[in-house]
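Here the structure is laid out as structure tokens; the discussion comes afterwards.
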There are 2 protein chains.
Amino acid sequence: MTVFEPISVPDPSAESSAADFSVRVAEERFIEAMGLAHEEDRLPRIAGRLVGLLILSPEPVRFDHLAARLRVSRASISTNTRLLENMGVIQRVTRPGDRRDYFKINEEPGLLLRIVDRYRARQASAEEMKRALLPEPDAGGVVAERLDRFIRFYSILADSLNSVLAAMAGGDGNSRPGTA
Amino acid sequence: MTVFEPISVPDPSAESSAADFSVRVAEERFIEAMGLAHEEDRLPRIAGRLVGLLILSPEPVRFDHLAARLRVSRASISTNTRLLENMGVIQRVTRPGDRRDYFKINEEPGLLLRIVDRYRARQASAEEMKRALLPEPDAGGVVAERLDRFIRFYSILADSLNSVLAAMAGGDGNSRPGTA
DNA sequence: CGGTTTGTTTTGTCAAGACTGAACACGATG
DNA sequence: CATCGTGTTCAGTCTTGACAAAACAAACCG
């Protein structure tokens with residue numbers, strides 16, 4: 001899970017212009033928005049903020065830098081980076097001769113596959129129900145129709161999601177086998 | 001929010017065959033699956049079960065019947081039906097001369113619009129960030145590209161979701177203005 | 001007017017889990 | 001070896017939210 005990569009030290013010459021400031025504010029907003037968004041997906045808010053911050057960071061970011069920037073404990077950084085790393089959303093980056101850990105977002109959209117799975121699961125349980133209902137087409141009239149819509153909807157949804165993923169992976173030079 | 005509709009009294013002649021039983025089991029599983037699925041969407045589990053049960057009910061179901069069937073308190077039914085009703089997922093059905101409330105699922109996929117909104121929101125916050133980043137195209141190189149992918153993905157996703165919704169509404173005889 | 005049925009609101013309890021500080025592990029370094 | 005730097009794990013706190021029981025409200029009925 002560990003990526004090996006040369007790190008270019010972030011430029012410490014901090015000239016702060018007016019534009020710089022507005023960018024900083026926008027970053028704050030974006031990071032917070034990502035926190036909220038991921039919370040909706042049942043992920044810790046900190047994990048979301050982490051993702052937001054890493055999206056905005058051209059270079060891998062140091063572990064303790066993350067803690068300082070987001071103003072949370074190192075423990076939280078440790079927990080949430082591990083979580084995101086396992087999910088394939090971010091990558092841990094190390095450099096020989098440097099004991100510290102850096103993190104970068106994974107350019108491959110790992111998170112989205114999870115969404116597809118969720119939709120597929122719903123489709124599946126509707127299909128199972130429909131099969132169980134088959135013996136009696138009588139009372140199943142309205143219900144069977146509903147289930148059909150349900151199944152159709154989630155199936156189309158998952159399919160189109162997959163095709164978007166495939167398209168982006170293709171345009172990006174990355175291939176994701178087994179999901180087309 | 002209240003629908004006005006004649007109610008056909010559910011047939012109390014309960015002849016239970018073997019097939020009937022397996023259907024009952026399948027229903028249980030389906031309802032439970034819907035409970036879990038909705039929990040993932042940050043809705044109370046009971047709300048999800050409610051939806052599951054109502055999907056499987058050809059006729060509107062009585063308030064206290066819901067409590068009995070799902071074995072939860074009337075308080076929970078009250079809270080969760082109100083929640084789902086406000087979200088447009090289910091409809092309260094009343095009948096003149098009958099003080100009791102019945103519920104049915106809304107055949108229009110109200111819940112899904114919420115998903116679209118979520119995706120649009122993410123797209124929007126990425127767009128905002130990108131705009132704020134514009135003044136400095138320098139450091140924005142990698143980041144701007146990421147944001148672009150981000151925006152593109154969620155935009156396509158929301159669009160395709162919308163078109164699925166539109167298609168289903170069309171094939172279903174229902175029109176949803178303002179979402180094409 | 002009581003009393004009954006039906007649904008709502010309030011209040012309290014309980015569990016889940018996010019987050020932290022502190023202890024810990026472990027390698028590097030003087 | 002003592003110490004520092006770095007990340008992880010553990011134990012505890014605090015918040016959130018689901019759920020229920022009970023009090024409540026309102027419509028109906030005798």
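In what follows, every chain begins at residue 1, and chains take the letters A, B, ... in the order their sequences are listed. All values below come from the heavy atoms of this structure, side chains included, with hydrogens, waters and symmetry mates left out.
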*How many Å lie between NE2 on B/His38 and P on D/dG17, as a whole number?*
18 Å
*Take atom CG of B/Leu70 and atom P of D/dA18, then tell me their distance rounded to the nearest Å.*
16 Å
*asked:* For nucleotides 8-22 of chain C, give me one character per nucleotide, 5' to 3': B if any protein heavy atom sits under 4.0 Å from the base, S if the only such contacts are to the sugar-phosphate, - if neither.
replied: BB--------SSBB-
*asked:* Strictly under 4.0 angstrom, non-hydrogen atoms only: write out the protein contact profile of nucleotides 25-30 of chain D, one letter per nucleotide from the 5' end, B, S or -.
replied: --BS--
*A/His65 NE2 to D/dG5 P, straight-line distance once rounded to whole Å*: 18 Å
*With sequence neighbours excluded, residues passing side chain to side chain donor-acceptor pair (under 3.5 Å) with B/Arg29*: A/Glu128
*Just by modelled atom types, is the B/Ala37 backbone N or O under 3.5 Å from a matching donor or acceptor in the A/Arg122 side chain?*
yes
*Among residues two or more places apart or on two chains, list those pairs meeting ring-ring contact (aromatic ring centres under 6.0 Å, His included) that have a residue in residues 113-134 of chain B.*
B/Tyr119-B/Tyr154
_Rounded interatomic separation in angstrom, taking CG from A/Leu66 and C1' from D/dT8_ = 15 Å
*Quick one: B/Glu40 CD to D/dG17 P, roughly how many Å, whole number?*
18 Å
*asked:* Strictly distance-based, threshold 3.5 Å: is any side-chain N or O of A/Thr79 a donor or acceptor partner for the main-chain N or O of A/Ala75?
replied: yes
*Quick one: list whatever passes side chain to side chain donor-acceptor pair (under 3.5 Å) with B/Asp117, sequence neighbours left out.*
none
*What is the distance, rounded to the nearest whole Å, between atom CG of B/Leu83 and atom C1' of D/dA18?*
12 Å
*Counting only heavy atoms not in B/Arg42, do more than 12 sit closer than 6.0 Å to its CZ atom?*
yes
Could you list the donor-acceptor pairs under 3.5 angstrom formed between side-chain atoms of residues 46-57 of chain A and any protein atom two or more places apart in sequence or on another chain?
residue	atom	partner	partner atom	Å
A/Arg49	NH1	A/Glu32	OE2	2.6
A/Ser57	OG	A/Leu53	O	2.7

*For B/Arg100 and C/dG7, what is the distance between atoms CZ and P respectively, to the nearest whole Å?*
8 Å
*asked:* Given 3.5 Å as the limit, does a donor-acceptor pair link the side chain of B/Asp101 with the main chain of B/Phe63, or not?
replied: no
